[in-house]
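Notes follow the structure.
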Amino acid sequence: MIKNLYLVRHGEAEHLIGKGLTGGWTDSDLTEKGRMQAHETGKRILNFLGKIDVGFYCSDLRRAKDSAEIIGSYIAKKPLAFMELREQNNGDAANLSTEEAQKISSPISEPIMDWIHYPNAESWRSFNNRVYRFMNVIEQESMETVLIVSHRRIILAIIHWWLEFSEDYIKKVSFDIEPCSLTYLRINKWGEKTVSKLNDIAHLTDIKL
């Protein structure tokens with residue numbers, strides 16, 4: 001059973017800085033700033049975890065995998081990369097510019113959980129189901145302390161899974177998740193599921209290029 005769950009979004013990536021690319025399954029690289037952010041996050045994680053053994057997982061997309069490997073160099077642990085931890089699949093919009101993607105986008109439809117934004121993309125429901133299945137497996141198989149380096153929507157879905165939100169809450173409640181932010185979820189002494197840290201970026205304030 002997971003008792004301590006650390007969630008880190010990948011560092012700043014090329015599609016986030018005005019390159020005009022969509023995100024999702026676009027396999028963009030970290031920027032120099034993104035790599036610096038990952039190093040600072042590694043130092044912060046080391047302060048929390050030391051070098052205890054943890055379940056360490058990441059997305060197999062480069063921006064997340066590279067961030068995880070940098071972080072892992074501080075805690076002497078190699079991440080296990082999984083497709084299940086990729087960002088929401090944006091189908092045919094992957095690797096397109098935002099302008100090109102707009103041309104193939106579908107208008108919002110109800111129910112919103114089943115809306116598919118682009119051809120061959122995932123709906124919100126199928127995406128959540130993918131994440132929940134993965135989390136249910138590692139909940140049973142992993143260690144009590146788990147570290148996951150992934151993407152914004154993945155982290156949102158994991159928080160929703162952790163808090164056991166109903167579909168109504170999933171549609172209405174979101175959280176800010178910045179690049180290389182740290183979110184810490186834990187089971188407290190009363191057995192309650194707790195959000196101890198959310199979108200914590202205090203460790204990134206001194207980064208300058």
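The OH atom of Y118 sits 6.5 Å away from the CD atom of Q102 when rounded to the nearest 0.5 Å.
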Query - Criterion side-chain contact (heavy atoms from CB on, under 4.5 Å) on M1 and E139, from CA distance to verdict - result: CA-CA 5 Å; M1 179 180 179; E139 168 82 331; 3.9 Å; yes
Query raised in the report: Which is it for K65 and E69 under the salt bridge (charged side-chain N to carboxylate O under 4.0 Å, His left out) test, yes or no, and what are the steps along the way?
Result: CA-CA 6 Å; K65 190 169 184 288; E69 288 176 348; 2.8 Å; yes
**Report entry** Steps toward side-chain contact (heavy atoms from CB on, under 4.5 Å) verdict (L16, H10)
**Finding:** CA-CA 11 Å; L16 298 176; H10 61 79; 4.1 Å; yes
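Between I187 and W162, the closest side-chain pair of non-hydrogen atoms falls below 4.5 Å. For the pair W161 and L5, the minimum side-chain heavy-atom distance is below 4.5 Å. Looking at heavy atoms from C-beta onward, L147 lies in side-chain contact with I75 at the 4.5 angstrom threshold. Using a 4.5 Å cut-off on side-chain heavy atoms (C-beta onward), R44 and D200 make contact. Within the 4.5 Å cutoff, side-chain heavy atoms of F127 are placed close to those of I154. Looking at heavy atoms from C-beta onward, L204 lies in side-chain contact with T41 at the 4.5 angstrom threshold. Taking the side chain as every heavy atom from C-beta outward, I158 and T183 never approach each other to under 4.5 Å.
Nearest heavy-atom pair across T26 and N95 is OG1-N, 2.7 Å. Across G23 and N90, no two heavy atoms sit closer than the pair O-ND2, 3.0 Å. Minimum interatomic distance between S59 and R86 (heavy atoms only, all atoms of both residues): OG-CA, 3.6 Å. Across all non-hydrogen atoms, the minimal contact from A157 to N128 is CB-OD1, 3.7 Å. Closest approach of S67 to V149, counting heavy atoms only: CB-CG1, 4.0 Å. When every heavy atom of T22 is checked against every heavy atom of A94, the shortest pair comes out as OG1-CA, 4.1 Å.
Environment of NZ in K3: sparse, with no more than 12 heavy atoms of neighbouring residues, nucleotides or ligands closer than 6.0 Å. Other residues, nucleotides and ligands contribute over 12 non-hydrogen atoms within 6.0 Å of the OH atom of Y132. No more than 12 heavy atoms of other residues, nucleotides or ligands shown are found within 6.0 angstrom of CD on E99.
D176 places no side-chain N or O within donor-acceptor distance of the main-chain N or O of E178, the cut-off being under 3.5 Å. Panel note: side chain W25, backbone E87; a donor-acceptor pair is recorded below 3.5 Å. Looking at R62, its side chain does come within 3.5 Å of a backbone N or O of D27 through a donor-acceptor pair. The backbone N or O of C180 sits less than 3.5 Å from a side-chain atom of H203, completing a donor-acceptor pair. Of the possible donor and acceptor atoms, none in the side chain of K77 sits under 3.5 Å from a partner among the backbone N and O of F56. At least one donor-acceptor pair under 3.5 Å links the side chain of R9 to the backbone N or O of I177. Panel note: side chain Q37, backbone E12; a donor-acceptor pair is recorded below 3.5 Å.
Hydrophobic clustering (side-chain heavy atoms under 4.5 Å, transitive across Ile, Leu, Val, Met, Phe, Trp, Tyr) keeps L85 apart from V54.
Looking at S181 and N199, their side chains do bring a donor and an acceptor atom within 3.5 Å of each other. H39 and Y74 share a donor-acceptor pair across their side chains, judged by distance under 3.5 Å alone.
With E122 as reference, R130 is the one residue of Q88, H117, R130 to meet the side chain to side chain donor-acceptor pair (under 3.5 Å) rule.
Classified by interplanar angle (parallel below 30°, tilted 30° to 60°, perpendicular above 60°), the ring pair F134/Y57 is perpendicular.
Using a cutoff of 4.0 Å between basic side-chain nitrogens and carboxylate oxygens, E32 and R35 are not scored as salt-bridged.
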